[in-house]
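For reference, the structure is listed below as structure tokens.
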Amino acid sequence: MGREGSRQSGVDKGRARARLYARLGRRRRPRAGGIVRGGIGRFGASRPWATLRMERGAKEKNHQLYKPYTNGIIAKDPTSLEEEIKEIRRSGSSKALDNTPEFELSDIFYFCRKGMETIMDDEVTKRFSAEELESWNLLSRTNYNFQYISLRLTVLWGLGVLIRYCFLLPLRIALAFTGISLLVVGTTVVGYLPNGRFKEFLSKHVHLMCYRICVRALTAIITYHDRENRPRNGGICVANHTSPIDVIILASDGYYAMVGQVHGGLMGVIQRAMVKACPHVWFERSEVKDRHLVAKRLTEHVQDKSKLPILIFPEGTCINNTSVMMFKKGSFEIGATVYPVAIKYDPQFGDAFWNSSKYGMVTYLLRMMTSWAIVCSVWYLPPMTRETDEDAVQFANRVKSAIARQGGLVDLLWDGGLKREKVKDTFKEEQQKLYSKMIVGNHEDRSRS
Amino acid sequence: MGNEASYPEEICSHFSSDEIKRLSKRFKKLDLDRSGSLSVEEFVSLPELHQNPLVQRVVDVFDTDGNGEVNFKEFILGTSQFSVRGDEEEKLRFAFSIYDIDKDGYISNGELFQVLKLMVGDNLEDWQLQQLVDKTIIVLDRDGDGKISFEEFSAVVRGLDVHKKLVVIV
């Protein structure tokens, strides 16, 4: 723990500040733009008081405090199978290989090492569970590695629980209730008006007002950047997906047409009311499977310039906000202007990720409403269109990289659907193909058999 | 699963207790059915490992008692061979055992063929593979017994800085 000794005064000041912030549940203004690091948060060099206290306590009791690795972005140079195997073959001998030998015993090193690296820590499965924080934010749900250290800390935590559940939660539930009922009632009423400018005007403001009430209900503190790039009519807005709250966050700052499946229950009531006031695109369950039908309806919507921009989450599932996974190409084939949006949550005040295999919707919403706050940054990126020599997949990847870069997220090529499904064998076959090209490439050049 | 605090003493590996804690956490995460040992299916549930053609061999090498699954002790001992503090001899032995399927101390023609087949899949004809295998054995087999012993293996592979190549940070 040498770090503590070298920055004494800064740490003390930081500790006092952090203590204050932790108690009040407030946060410092995040830097606009720039790379956002999950885990360390924005307290700079000093870590929050709670963690420092724990580390000190652990040292006193003489046992190790396990800390997960920082989720900083370490960009690995992407090297191909061929380059790495050549590197292995070449090392140790100073002469350059003029005719590459066909097969070397050392080729297995590449696969073994890659395999071991994956066993230690793989890039994919950790995206489907909540991010592990390096410092504790006084919520027991994010307390993976810290044990009981001191009475003072427990009292503080207990106080936090009291405030969150008895004071904040009822307030938030009341607000949420108000917001949703206003949305349903408001949009239904607006729906009875004749179509025209007045109806649109009212509809927009009813939607915006209700979403803003819901935002308050979650105590979401949102910072919008580059608002001049906000999506316009006839465009498609794409964003990375962390939770259903993303919709509320984006819709409280702009007027969008939603796309989604028709649900039953409360969601269904809300959906039916909303579509009376303005044309959202809701699909029946059976229609979702039919990709052409979906594409057709979206294209029709987009080509009508008077219609609102569509809001789509191309990952298809919730990812834990440390990375962006494969974008499904469907929305990129339509040919409309794409407005990318990057959303990054600050994990210090509450974990917004919806782990749908672990929690249902109601439990999730309760957890959201009993966190300190939902703090996030939204960046509106400049619009992108598909170039003539790009296909939909390349375009989707380009948009994905832009979003990942802005939000400080890891850009992955893996499919978010791997949360529920097994990976296909085609990946292994690809690797085998690459390798066999390496060892056979020279084989075909040989003149003698 | 047993009392973790006792592991550092029981299992002599190259790891510090901090690293062993991390490994045990990882082990628990990989053990989806909480059986206390990892089967090949549980390894292969990692998408990046599924695409690795040698995963079956690596699991077999880890599985020293041959029951088809890797328990915690085998896991620690196995990954210890990839530790930064491991020596070259250990890593060479690991690489050798990837090829030596029946663990008899020699890489036979058939074993080399099988491992190559895992790595190339269906992309090469069997006769092409057999040619490669025969050629490799002729070149490397010094004592003429038709198989590659550990000494013959090391002679070829030793100069390749293997202690840097077969290293994984825990």
Side-chain angles (χ1 to χ4, degrees), chain A residues 63-69 84 87-93 101-126 129 144-145 414-415 418 421-440 443-444 449, chain B residues 17-18 21-23 25-26 29-30 43-55 57-58 61 75 78-79 81-82 91 94-96 98-99 107 112 115-116 118-124 128 131-133 135-136 140 148 153 156-162 164-170:
Chain A
H63 54 65
Q64 285 282 42
L65 194 65
Y66 164 56
K67 289 199 291 201
Y69 275 131
E84 290 219 20
E87 171 69 36
I88 294 176
R89 288 180 182 173
R90 202 180 314 141
S91 68
S93 67
E102 293 145 350
F103 162 68
E104 290 275 327
L105 285 177
S106 58
D107 290 349
I108 54 162
F109 290 1
Y110 170 74
F111 292 111
C112 288
R113 197 189 64 218
K114 280 223 113 182
M116 287 308 296
E117 280 174 356
T118 307
I119 291 177
M120 287 302 108
D121 188 17
D122 78 304
E123 284 296 318
V124 182
T125 53
K126 70 180 178 191
S129 58
Y144 293 105
N145 312 306
W414 292 97
D415 183 358
L418 291 171
E421 294 151 11
K422 293 194 98 98
V423 69
K424 297 198 257 266
D425 282 335
T426 44
F427 288 101
K428 179 158 86 171
E429 286 158 20
E430 252 177 63
Q431 291 272 299
Q432 288 172 330
K433 203 165 178 190
L434 279 171
Y435 181 66
S436 42
K437 273 212 194 105
M438 256 200 99
I439 61 177
V440 133
H443 208 92
E444 285 163 353
S449 64
Chain B
S17 58
D18 206 16
K21 262 208 173 132
R22 276 203 280 271
L23 282 172
K25 226 184 164 239
R26 183 69 179 162
K29 192 167 180 217
L30 291 174
F43 274 109
V44 157
S45 70
L46 298 171
E48 288 162 306
L49 208 53
H50 189 101
Q51 75 174 39
N52 191 318
L54 287 182
V55 63
R57 289 302 310 140
V58 172
V61 171
F75 185 70
T79 50
Q81 292 167 83
F82 278 80
K91 296 184 198 294
F94 182 86
F96 186 78
I98 296 278
Y99 285 111
I107 304 177
L112 189 53
V115 174
L116 251 181
L118 280 176
M119 291 202 281
V120 308
D122 293 327
N123 293 291
L124 290 185
Q128 286 174 304
Q131 267 190 337
L132 282 173
V133 170
K135 185 165 174 235
T136 311
L140 298 183
I148 304 177
F153 178 80
V156 182
V157 169
R158 197 173 282 275
L160 293 175
D161 284 346
V162 86
K164 288 189 204 147
K165 295 287 180 259
L166 287 180
V167 164
V168 166
I169 314 283
V170 174

Note, A:I108 side chain near B:L54 side chain (heavy atom, < 4.5 Å):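 They are in contact (side-chain heavy atoms under 4.5 Å apart), so the answer is yes.
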Pairwise side-chain contact, A:M116 with B:T79, heavy-atom cut-off 4.5 Å (strictly under):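 Yes. Closest side-chain heavy atoms under 4.5 Å.
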Where does [X] contact chain A at under 4.5 Å (heavy atoms): side chain, backbone, both or neither?
{"X": "B:V55", "value": "neither"}
{"X": "B:V168", "value": "side chain"}
{"X": "B:T136", "value": "side chain"}
{"X": "B:V133", "value": "neither"}
{"X": "B:L30", "value": "side chain"}

What's the separation between atom [atom1] in [X] and atom [atom2] in [Y], rounded to the nearest 0.5 Å?
{"X": "B:R22", "Y": "A:D121", "atom1": "CZ", "atom2": "CG", "answer": "10.5 Å"}
{"X": "B:L124", "Y": "A:K433", "atom1": "CG", "atom2": "NZ", "answer": "12.0 Å"}
{"X": "A:Q432", "Y": "B:L118", "atom1": "CD", "atom2": "CG", "answer": "8.0 Å"}
{"X": "B:M119", "Y": "A:Y435", "atom1": "CE", "atom2": "OH", "answer": "4.0 Å"}
{"X": "B:L49", "Y": "A:K428", "atom1": "CG", "atom2": "NZ", "answer": "10.0 Å"}

Max heavy-atom pair count under 4.5 Å with chain A, selected residue of [options]:
{"options": "B:I107, B:L116, B:V167", "answer": "B:L116"}
{"options": "B:V157, B:V44, B:L46", "answer": "B:L46"}
{"options": "B:H50, B:R57, B:K91, B:E48", "answer": "B:E48"}

Taking side chain to side chain donor-acceptor pair (under 3.5 Å) as the definition, give me every residue that meets it alongside B:N123, ordered by chain and number, with sequence neighbours left out.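 In terms of side chain to side chain donor-acceptor pair (under 3.5 Å), with neighbours along the sequence ignored, B:N123 is linked to no residue.
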Scanning both residues in full, the closest heavy-atom pair of A:F109 with B:K165 reads CD2-CB, 4.2 Å
What pair of heavy atoms forms the shortest contact from A:C112 to B:L166, and how long is it?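 So the minimum-distance heavy-atom pair works out to CB-CD2, 4.2 Å.
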Side chain, backbone, both or neither of A:F111 within contact of chain B (heavy atoms, under 4.5 Å):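 Both parts, backbone and side chain.
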Go through B:L23 and A:M120 one step at a time and tell me if the side chain to side chain contact (heavy atoms under 4.5 Å, CB included) criterion holds. CA-CA 7 Å; B:L23 282 172; A:M120 287 302 108; 3.5 Å; yes
I'd like to check the ring pair (Phe, Tyr, Trp, His ring centres under 6.0 Å) partners of B:F96; sequence neighbours left out, ordered by chain and number.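 B:F96: ring pair (Phe, Tyr, Trp, His ring centres under 6.0 Å) contacts with B:F150, B:F153.
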